[in-house]
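Working notes, beginning with the structure itself.
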Amino acid sequence: MSTPIPNFDFIIDLHCHPTYKPVGASYKSNKGIQDPSPSKRASIWNYDSPGLVDKLINEFAGLTKFSQSNFSAATYGQVFIITVALGSIEKWFLNNDLGTGNVADVLENFLLEIGKQRINSIQNTTDYFIDLKEEMDFLAQMDGKQVKIDGKPFLYKVVSNFNDLNAAMVQNETALNQIQGSGNDLPLTIAVIPSIEGMHVLNCGLIDSQTKIGEPPNVNEVLENAGRLKQLKYKPFFVTFTHHFYNQLCGHSKSLNETVARFCRQENGMGQSFTETGKKVLDILLDNTNNDRILVDIKHLSPQGRKEFFTLRNTKYQDVPIIVSHGAANGMPSFGASVSNFPEPIGKTLLAEEINFYDDEILLIEESKGIFGLQLDERRIANKETLKHISHSIFRNKIMHYRSELLWNQIQYIAELLDANGRYAWGTLAIGSDYDGIVDPLNSFWTIEQYPALKAFVERYAYNYFNNPKKPPKLTQTRNIISADTVVQNIFRDNAWRFFELNF
C-alpha cells in the first residue's frame, strides 16, 4: 500500500549542488566551517538573488553569477525535498591549458564562483576521498539546526531512508496547519537526500587528462573507499558513476561546451566502457547483502558504458532501477542513429548529442521502474538552432512562456515516445535541475525560487496539449489522456516521491 503524500504543495529536486559555493566561501574565512548565519556566504542558507547585471551576464555569456540552489531560495520555491549532489570538483577543471597562476585563478573563479583559495586547494588535491568527507562534514554542521528566514523558523535534515523523509514532510504538514504567529511556530524542514556525482571521489582519476601524467589509481584503496561509502553517516542514496573527466573506472561523455573545452580537454577516456576495477566498484555499490545498496546514476557515462551497464543489469542486477538524476532526451532512437523517429516538430528541437539520452535508453529506464530527472540547462534541453530562434520579449511573463516551452518539448517528446511503445507516459519524469553545477538556466527561471512559476507555465502547455481541438495529442492510450495538473504534479513531486518510497 502506497504511503499518502502529505497534503501540502511541495516540489522535489533530484539533483543540485547547494554546497559548492558556500564550501568555497568558507576557505576565505574559516576553511570547511559552515557559518550559522544565513547572511554569510559560507552558509548553505545564504540568499543571493540575481540582480540585473547577473541576468545580463547569464543571458549574453551563459555564466551564472548567483546562487541557484541555496536553501533560502528553496523555501521561497516550495522545494522541501532536495537530493544534494556532493563530490569534489575534478582538479582537471582547474589544472588546464590556462595554467595555475593568478590570472588563471581569477578567470576560473569568474566561471565557478568558489573563491581563489578553494581553487588552489582543488588544484593541489591528492585525495578526492578526503575532500568528499570534508564536504559531508560541512553539510553535517547545520543538520537539524534552526535558522530564521523572514522571521520564520526553518531547518534542514539529512534523511537516511524513506520513513525519515516521510516523517519530515508530515511534520511540515502539521507546521503549515498550525496557527502562525503564536510564538511557538514549528519549523519547516527541508529534507536532504545525499548523493555523489563522480566516482573519482574514491580517489581515482588523478592522471592528468591532457598530459596523461600522474599516479594511476591504487586499486585496493579505490575498492576500500567504495566499501566505506556504505559506512558513512550520510550514505549516498545513489552515485553518478562518472563526471567530466576520465576516472579509470568507466568512460564518460563529452559534456563541456566549446568555450570551456578549448582549455579543459576531456578526450582521454571518452567513449570507453567499464574497466575491470570499475566493474568491481559497481559490484560493491550494488551488492545488497546487508540491505545497504547504493544505486547508480547513469548520467555522464559514455554511451558504450551505458550499454554495458544495461547488459550487466540484465544479468546481475535485475532488480536495480535505472536512474538519470539530471538529463534530457536527444531525439535519436539509439546510439549511432542520425535521424529521429519523431522528427515533427519536437525531435528537431532537441540536442542530439551523446550526453543526452536515446529513445531505447529511455524505454529501458521506464521498464526498470527507474526515474528520469529533467535538467534545467538551456544548453542541454534544446539545440543551438532552437535557442537561436526562440522568441524574445521585454515582458517577463512572455519570456517565461517562451523558455518554459523548451522544458515542455522534452516532456512531450518523452511522453509520446513512451505512449508509442505501449507504456504509461507520465510516471517516469521528475525534475533534476543541476542548479549550481555550472548551469545556464532557463531564462527567467534563474533559481529554484522560480519553480512554482515554472510549474505553472508547464501546466499551461500541458493543458493546451490536451485541449487543442485542431491538434489533438499524439497519444494512443486512453490511460495517457490525463489532466494537466496531474501531469505537473507527477513531474514536480509525485513520481520522485514514489521512487523514493520503493527504493530509498
Note: G331 and D359 closest approach over all heavy atoms is C-OD1, 4.3 Å
Will you find, in the side chains of E135 and T19, an N or O donor that is under 3.5 Å from an N or O acceptor?
-> yes
What's the verdict on salt bridge (charged side-chain N to carboxylate O under 4.0 Å, His left out) for K316 and D283, showing C-alpha distance, side-chain angles and the deciding distance?
-> CA-CA 9 Å; K316 298 177 69 174; D283 283 337; 2.9 Å; yes
Residue among L14, T83, I82, V158 satisfying side-chain contact (heavy atoms from CB on, under 4.5 Å) with I193 | T83
Quick check, are the ring centers of F10 and F8 under 6.0 angstrom apart?
-> yes
Would you tell me whether E308 and Q304 have side-chain atoms, one donor and one acceptor, within less than 3.5 Å of each other?
-> no
Would you kindly say whether N314 and T311 are connected by a side-chain donor-acceptor distance under 3.5 Å?
-> no
Find out whether M270 and S253 are in side-chain contact, i.e. whether some heavy atom of one side chain is under 4.5 Å from a heavy atom of the other.
-> no
Just by distance, with hydrogens left out, do S255 and Q266 show a side-chain donor and acceptor under 3.5 Å apart?
-> yes
Can you tell me how far OG of S433 sits from CG of L442, rounded to the nearest 0.5 angstrom?
-> 10.5 Å
Residues Y317 and D287: side-chain donor-acceptor under 3.5 angstrom = no
What's the spacing between C250 SG and F274 CZ if we round to 0.5 Å?
-> 4.0 Å
M169 side, atom CE; F162 side, atom CZ - distance, nearest 0.5 Å | 10.5 Å
L139 versus Y156, closest heavy-atom pair with distance = O-OH, 2.6 Å
Just wondering, more than 12 heavy atoms not from K230 lying within 6.0 Å of its NZ?
-> yes
R380 (side chain) donor-acceptor with D440 (main chain) under 3.5 angstrom = no
Derivation and outcome, side chain to side chain donor-acceptor pair (under 3.5 Å), residues Q272 and H252 = CA-CA 7 Å; Q272 294 189 25; H252 54 288; over 6 Å; no
With distance as the sole criterion, is a donor-acceptor pair present between the side chains of H300 and T242 under 3.5 Å?
-> no
For Q68 and H17, test the side chains for any donor-to-acceptor distance below 3.5 angstrom and give the result as yes or no.
-> no
Could you verify whether a donor N or O on one side chain and an acceptor N or O on the other, from T3 and N166, lie under 3.5 Å apart?
-> no
Donor + acceptor pair across side chains of D143, Y234 (<3.5 Å) | yes
Please lay out, stage by stage, how M199 and L229 fare under the test side chain to side chain contact (heavy atoms under 4.5 Å, CB included).
-> CA-CA 11 Å; M199 284 293 91; L229 291 182; 4.1 Å; yes
Ring centre gap for F372 and F357 strictly below 6.0 Å = yes
Please report the closest heavy-atom contact between Y246 and T275, naming both atoms and the distance.
-> OH-CG2, 3.5 Å
Step-by-step side chain to side chain donor-acceptor pair (under 3.5 Å) determination, Y435 to D377 | CA-CA 8 Å; Y435 276 180; D377 188 332; over 6 Å; no
Taking 4.0 angstrom as the limit, do K474 and E416 come out as a salt bridge?
-> no
Which atom names give the shortest non-hydrogen contact between T476 and D419, and what distance separates them?
-> N-OD2, 2.6 Å
Apply the test salt bridge (charged side-chain N to carboxylate O under 4.0 Å, His left out) to residues E385 and K388: give CA-CA distance (whole Å), side-chain angles for both, the deciding distance (0.1 Å), then the verdict.
-> CA-CA 5 Å; E385 194 67 19; K388 180 180 177 181; 5.0 Å; no
Do NZ/NE/NH1/NH2 and the carboxylate oxygens of R293 and D319 come within less than 4.0 Å?
-> yes
Using 4.0 Å as the upper bound for N to carboxylate O, is an ion pair formed by D164 and K157?
-> no
Rounded distance (nearest 0.5 Å) linking atom NE2 of H244 with atom CD1 of I89 = 9.5 Å
Exercise: do N203 and E221 side chains pair donor with acceptor under 3.5 Å = yes
Pair R118 + D131: basic N to acidic O under 4.0 Å | yes
With rounding to the nearest 0.5 Å, note down the distance linking CD1 in I12 to CZ in F80.
-> 12.0 Å
Has K369 got more than 12 heavy atoms of other residues, nucleotides or ligands less than 6.0 Å from its NZ?
-> no
F335 atom CZ, neighbour heavy-atom count above 12 within 6.0 Å | yes
Neighbour count above 12 (heavy atom, 6.0 Å) for K280 NZ | no
Under 3.5 Å, is there a donor-acceptor pair between the T447 and Y76 side chains?
-> no
With no hydrogens and no angle check, do the side chains of D13 and Y451 hold a donor and an acceptor under 3.5 Å apart?
-> yes
Is a side-chain donor-acceptor pair under 3.5 Å present for H200 with Q248?
-> no
For side chain to side chain contact (heavy atoms under 4.5 Å, CB included), just list the numbers for I81 and F500, CA-CA rounded to whole Å, side-chain angles, deciding distance to a tenth of an Å, and then say yes or no.
-> CA-CA 11 Å; I81 300 177; F500 295 148; 3.9 Å; yes
Working for salt bridge (charged side-chain N to carboxylate O under 4.0 Å, His left out), residues E378 and R403 = CA-CA 9 Å; E378 287 190 344; R403 297 289 169 154; 2.7 Å; yes
Flag for S483-T486: side-chain donor and acceptor within less than 3.5 Å = yes
So do P18 and N70 actually touch side chain to side chain, heavy atoms under 4.5 Å?
-> no
Any Lys/Arg nitrogen of K254 or E354 sitting under 4.0 Å from an Asp/Glu carboxylate oxygen of the other?
-> no
Could you go step by step and tell me if K455 and D9 meet the salt bridge (charged side-chain N to carboxylate O under 4.0 Å, His left out) rule?
-> CA-CA 11 Å; K455 181 180 174 183; D9 199 13; 3.0 Å; yes
Spatial distance of atom CG (L301) from atom CD1 (I355) [nearest 0.5 Å] = 9.5 Å
Does a salt bridge link D436 with K21, judged by any charged N lying under 4.0 Å from a carboxylate O?
-> yes
Quick one: do K299 and D297 make a salt bridge, cutoff under 4.0 Å?
-> no
